Amino acid sequence: MSLRIYNTLSGKVEEFVPINPPKVLIYTCGVTVYDDSHVGHGRSLIVFDVFRRFLEHLGYQVKFVRNFTDVDDKIINRAKQECTDFMTIADRYIARYYVDMENIRVRPADVEPRVTEHIPEIIEVIQKLVEKGYAYVVEGDVYFSVKKFKDYGKLSKRDIEELIAGARVEPSEKKRDPLDFALWKASKAGEPAWDSPWGKGRPGWHTECVAMVFKHLGETIDIHGGGLDLVFPHHENEIAQAEAITGKPFARYWMHNGLVTVGGQKMSKSLGNYVTLREVYTKYHPDVLRLLVLFTHYRSPLDFSWEKMEETLKAYERLKNAIEDLELLKKLQVVESKEGGTHPLYEQVKEFEENFYASLSDDFNTPEALSHVYKLVGELNKVKNKAYSEGKITDRELSAYEFASKSLLNTMKKIFGLLEDLYPECKVERVVERELEAGQVFDEKLIQILIEARNIARKEKVFKVADYIRDKLKELGIVLEDTPAGTKWKKREGA
RNA sequence: GGCGACGUGGCCGAGCGGUUAGGCGGGGGACUGCAAAUCCCCUUUACGGCGGUUCGAAUCCGCCCGUCGCCUCCA
């Protein structure tokens, strides 16, 4: 089955054909490290993380590059405020970014280049542009001459004449044309600076991605991604620079994720309506955020709210219960089945997998894929319900349940990066644990003793004591559920 | 103002020419000591408005209303 994705460049859903299969080269614009990442960044990161996993599942050898912008005005300003140097700020937020990524289960890219480590490459790109006549030098600054690049506007569907008409004209501008953008900025006193053919200075924002793509991936890549807000001017400017130099398409497919909003307004630093990733994953299990992102198509806007987190938590627990309750079913009396043939669950798993991957192949339709997940969850639960109400399970049902729940779990882990805590292959120490867990100094054996004591009380019909134990444990974030297969306990996954 | 996108049942959110989305919530029932979990049933003119195309439209076209994004840094 072929993968189809929406290409911003053509404005259409297209069949995905890599340049050099099975290799797929992807670049996405990473964050500017001047503060903690918020849910808006998180969405983009999660979307491309899952998309990458899906490509790998399809058999592609993905080389994924995501950069850090570690020198820019905001970082410099922050450093001034804190009376320190920009590198201290950048290093700090890169470290914090990695903590965030570890917590929300976003895998590192194959290459994670920093601007400050690519100054020679950036200078080289600028030099070529100057040589080819696309860029000009004014008092130590270098600007790209937009008018010289005839295709300018093809990604963002803008007409160059209209842009000129609408452009702000700033009085002390060194640019020849208001549309031109800076490739190199002469440094002011006290600011970070590198030597260049045009004197001491630092790169403008738009060149770094071009230089990094050229260095780590090549002149033409398969997919270039990022948030929708980067289409103009950032990605438009990347295309102008790269294609001015090579004369070849810079990226075949441009993928842009929709923005995160709060009450309908874009989540952003400047509006102050942002929620940091850290805030989210210290309150809720990180899977809940991933699921929240996946429940909306990647190109649609996503309105964030804590109410929605709470809703998603419920949905998450339903998925998790269906899978982990296999262990409870195993504790029931297992009887021999009198029925022959394979259990319907096997066929349902097969259908699920076909539908699931078909949805992802159709412009990465994760919400539709999730609808198939929940259909399977329903089938699993029917089997569970039957077993609970009968107080026993047949060997045929149990093995089908085991097969189906494990299949589903594997798919969730592999593609969506969910439920990695269940039947873990390796124990991962995470730098930040949830607040929820921070105060929970409890021992599983002690909980087990309390549960046994409570069950004795229940047997003796001393329900006051039984309920007291359950209520008090709940206050500690431990939920008890009595089932025909015994008492199950679990931690609450949300605030 | 220019360009682009969107308006779906109580809420969230897929679908984009005829056939089930899915999640969350609400009501009833089964199970349970009670909860919780789970199942079953109900919430059976859902597709912003008005026109048009079509045998047939939430899905295509036009106009209108409303919301948002980009046009400055931004994932």
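Treat the numbers as computed from the prediction; the structure is a model and nothing was measured. Chain naming here is simple, since letters A, B, ... match the order of the sequence lines and numbering starts at 1 in each.
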> Would you indicate whether the side-chain heavy atoms of A/R107 and A/F64 approach each other to under 4.5 Å?
no
> Does A/D72 get its side chain close enough to the base of B/C73, under 3.5 Å, for a donor-acceptor pair?
no
> If I take atom CZ in residue A/F295 and atom P in nucleotide B/G13, what distance separates them, rounded to the nearest angstrom?
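One finds 12 Å between P of B/G13 and CZ of A/F295, rounded.
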> Indicate yes or no: at least one non-hydrogen side-chain atom of A/T487 is less than 4.5 angstrom from one of A/R458.
yes
> Taking any heavy-atom pair under 4.0 Å as a contact, classify A/N321: base, sugar-phosphate, or nothing.
sugar-phosphate
> Would you classify A/H297 as touching base, sugar-phosphate or nothing, given that sugar-phosphate means primed atoms plus P, OP1 and OP2, and contacts are heavy atoms under 4.0 Å?
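It contacts sugar-phosphate atoms only.
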> When all nucleic acid strands are considered with a 4.0 Å heavy-atom cut-off, which category describes A/G40: base, sugar-phosphate, or nothing?
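Base, at least one base heavy atom under 4.0 Å.
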> Which part of the nucleic acid, if any, lies within reach of A/T483 when heavy atoms closer than 4.0 Å are counted: base, sugar-phosphate only, or nothing?
nothing
> Report which part of the nucleic acid A/V260 touches: base, sugar-phosphate, or nothing (heavy-atom distance under 4.0 Å, all strands).
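It contacts base atoms.
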> Please give the nucleotide sitting opposite B/U20 as a Watson-Crick or G-U wobble pair, both distances under 3.5 Å, or none.
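None - no nucleotide pairs with B/U20, as no candidate has both distances under 3.5 Å.
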> Taking only the P atom of each, what is the distance from B/G27 to B/A36 in whole angstrom?
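So the two P atoms sit 12 Å from each other.
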> Hey, would you say the A/F416 and A/F356 ring centroids sit under 6.0 Å apart?
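Ring centroids of A/F416 and A/F356 are less than 6.0 Å from each other.
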> Give one of base, sugar-phosphate or nothing for A/D467, where a contact means two heavy atoms less than 4.0 Å apart.
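Base, at least one base heavy atom under 4.0 Å.
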> What's A/D73 touching, base or sugar-phosphate or nothing? Going by heavy atoms closer than 4.0 Å.
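Touches nothing.
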> Base, sugar-phosphate alone, or nothing: which one does A/R454 contact when heavy atoms must sit under 4.0 Å apart?
base
> Indicate, with a heavy-atom threshold strictly under 4.0 Å, whether A/K386 touches base, sugar-phosphate, or nothing.
nothing
> Could you check whether A/N381 gets within reach of a base, just the sugar-phosphate, or nothing at all, counting any heavy atom under 4.0 Å?
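Since only primed, P, OP1 and OP2 atoms lie under 4.0 Å of A/N381, the category is sugar-phosphate.
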> Mind checking A/E307 for me? I need base, sugar-phosphate or nothing, with any heavy atom below 4.0 Å counting as a touch.
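Nothing, no nucleic acid heavy atom in range.
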> When the P atoms of B/C6 and B/C16 are compared, how many Å lie between them, rounded to an integer?
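It works out to 13 Å between them.
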> Over all heavy atoms of both residues, which pair between A/E15 and A/S2 is shortest? Give the atoms and the distance, please.
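That would be OE2-CB, 3.5 Å.
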> Any base atoms under 4.0 Å from A/T32, or only sugar-phosphate, or nothing? Heavy atoms, all strands.
sugar-phosphate
> Suppose you measure atom C1' in B/U67 against the same atom in B/G49; what distance do you get, rounded to whole Å?
15 Å
> Which is true for A/F232 with a 4.0 Å heavy-atom rule: it touches a base, it touches only sugar-phosphate, or it touches nothing?
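Counting heavy atoms under 4.0 Å across all strands, the contact made by A/F232 is with sugar-phosphate only.
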> Looking at every strand, decide which applies to A/G11 at a 4.0 Å heavy-atom threshold: base, sugar-phosphate, or nothing.
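It contacts nothing in the nucleic acid.
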> Would you mind reading off the distance between A/I451 atom CD1 and B/A36 atom C1', rounded to a whole angstrom?
13 Å
> In this structure, is the centre-to-centre distance between the rings of A/F68 and A/Y97 below 6.0 Å?
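Centroid distance A/Y97-A/F68: below 6.0 Å, so yes.
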> Mark yes or no for a side-chain to base donor-acceptor pair under 3.5 Å between A/K74 and B/C73, with no hydrogen or angle criteria applied.
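Indeed, a donor on one side and an acceptor on the other fall under 3.5 Å apart.
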